[in-house]
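Notes follow the structure.
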Amino acid sequence: MYALSWNRFRSALLGGCLVLAACGSSPPQPARVSVAPVDFSGSWELDFSQSDTVNDAYDHIMRDLQRQIRKQQEASQGGVAVGGMAYGTAAGIYALARMAEIVTEPQLLDIKQTEREVTVKREGSFALECDFGPGSTGVVESPFGREACGWLHDQLVYQLVLPDGLRISHRLTVSPDGQRLQVVTQLSTRSVSQPLVVAQVFNRYDPNRTGIHCTQTLSKGRVCTTEKPGQ
């Protein structure tokens with residue numbers, strides 16, 4: 001159910017890294033570990049009505065870019081010297097958005113949590129894993145770059161820094177009643193000064209009771225249907 005989409009992610013990196021190239025990168029720092037971590041375990045499904053879309057994030061950055069361009073044009077007309085675009089080029093922003101589409105695509109999460117580790121299995125994507133066992137520093141090398149994870153107060157934080165400087169982070173927060181999960185994903189690179197941020201909300205659900213059935217089709221990919229109990 002949660003197959004690793006290495007090929008798709010790697011293709012996106014090869015296509016986008018040329019546009020998103022940055023001047024080096026520094027390794028992420030492990031988040032501070034809380035003595036009372038929150039329990040994220042369970043099954044979660046995306047709430048589309050409460051979640052941002054990549055288009056929303058893309059439009060937000062583009063509006064800021066357009067405002068910056070207008071300011072530069074006005075300053076230039078007034079005889080004031082101005083530098084480059086403060087929010088990067090449109091091509092760089094578009095590349096970030098394309099990468100964000102893949103990173104935020106999973107609609108179902110299955111989280112396993114123990115005192116030693118937390119594993120976030122994401123439908124159709126690679127899992128996010130964090131080891132809190134003895135001797136673990138929270139920083140590991142992956143096929144893509146350097147990963148770091150840990151607790152930041154009551155939030156679970158995953159960070160990935162790619163060799164070209166592209167940074168991807170996921171910040172997970174559970175509601176006080178334990179029924180809603182917010183995942184804030186941020187993508188940033190030095191070629192685009194403003195990060196692209198997508199906030200998604202997931203609701204807790206019981207796969208056995210909701211009757212969610214998924215099938216893989218050639219024409220539409222993965223198709224899921226929901227049946228009421230007893231049907």
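When reading the values below, keep in mind they use all heavy atoms of this one structure, side chains included, and skip hydrogens, waters and symmetry mates. Being a predicted model, the structure only gives us computed values, none of them experimental. In this chain, numbering begins with 1 at the start of the sequence shown.
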For a quick test of reading the model, state the closest non-hydrogen atom pair linking [X] to [Y] and the distance between them.
{"X": "H170", "Y": "I168", "answer": "NE2-CG2, 3.9 Å"}
{"X": "A127", "Y": "T119", "answer": "CB-CG2, 4.2 Å"}
{"X": "D110", "Y": "K112", "answer": "OD2-CE, 3.5 Å"}
{"X": "V103", "Y": "P106", "answer": "O-CD, 3.7 Å"}
{"X": "D52", "Y": "Q200", "answer": "O-CG, 4.5 Å"}

Roughly how far apart are [X] [atom1] and [Y] [atom2], rounded to 0.5 Å?
{"X": "L181", "Y": "S175", "atom1": "CG", "atom2": "OG", "answer": "8.5 Å"}
{"X": "R180", "Y": "T173", "atom1": "CZ", "atom2": "OG1", "answer": "13.0 Å"}
{"X": "L108", "Y": "E45", "atom1": "CG", "atom2": "CD", "answer": "7.0 Å"}
{"X": "L166", "Y": "L160", "atom1": "CG", "atom2": "CG", "answer": "7.5 Å"}
{"X": "Q159", "Y": "E147", "atom1": "CD", "atom2": "CD", "answer": "11.0 Å"}
{"X": "L109", "Y": "Y205", "atom1": "CG", "atom2": "OH", "answer": "8.5 Å"}

So, the side chain of [X] versus the backbone of [Y]: is there a donor-acceptor pair under 3.5 Å, distance only?
{"X": "R70", "Y": "L65", "value": "no"}
{"X": "E117", "Y": "F132", "value": "no"}
{"X": "D59", "Y": "D56", "value": "no"}
{"X": "S188", "Y": "P195", "value": "no"}
{"X": "Q113", "Y": "V38", "value": "yes"}

Could you walk me through whether V118 and Y158 pass the side-chain contact (heavy atoms from CB on, under 4.5 Å) test, one step at a time?
-> CA-CA 11 Å; V118 179; Y158 293 87; 3.8 Å; yes
Under the side-chain contact (heavy atoms from CB on, under 4.5 Å) test, which residues partner S49, sequence neighbours left out?
->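 Listed in chain order: D47.
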Only counting residues at least two apart or in another chain, list the ones meeting side-chain contact (heavy atoms from CB on, under 4.5 Å) with V184.
->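 With sequence neighbours excluded, V184 shows a side-chain contact (heavy atoms from CB on, under 4.5 Å) to R171, Q182, V197, A199, given in chain and number order.
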Is any side-chain heavy atom of [Y] closer than 4.5 Å to one of [X]?
{"X": "N203", "Y": "W44", "value": "no"}
{"X": "S43", "Y": "D206", "value": "no"}
{"X": "V192", "Y": "Y94", "value": "no"}
{"X": "L196", "Y": "V198", "value": "yes"}

Around atom CD of E141, are there more than 12 heavy atoms of other residues, nucleotides or ligands at under 6.0 Å?
->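 It does: E141 CD has more than 12 such atoms within range.
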Has F40 got more than 12 heavy atoms of other residues, nucleotides or ligands less than 6.0 Å from its CZ?
->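 Count over threshold, so yes.
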The single option from V54, T104, L187 passing side chain to side chain contact (heavy atoms under 4.5 Å, CB included) against M99 =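 It is L187; the other options fail the test.
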Considering the options L96, I93, T53, which one meets the side chain to side chain contact (heavy atoms under 4.5 Å, CB included) requirement together with Y58?
->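 Among the candidates, only I93 passes.
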Under the disulfide bond (SG atoms under 2.5 Å apart) rule, what pairs show up with a residue in residues 96-130, not counting sequence neighbours?
->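 Counting only pairs at least two positions apart or across chains, the disulfide bond (SG atoms under 2.5 Å apart) contacts touching residues 96-130 are C130-C149.
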Test: R122 cationic atom under 6.0 Å from F126 six-membered ring centre, within 45° of axis =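 Relative to the ring axis of F126, which defines the angle, R122 lies inside both limits.
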Are V183 and V201 linked, directly or through other ILVMFWY residues, by side chains that come within less than 4.5 angstrom of each other?
->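 Different clusters.
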Could you walk me through whether Q107 and F48 pass the side-chain contact (heavy atoms from CB on, under 4.5 Å) test, one step at a time?
-> CA-CA 9 Å; Q107 300 176 13; F48 290 94; 3.6 Å; yes
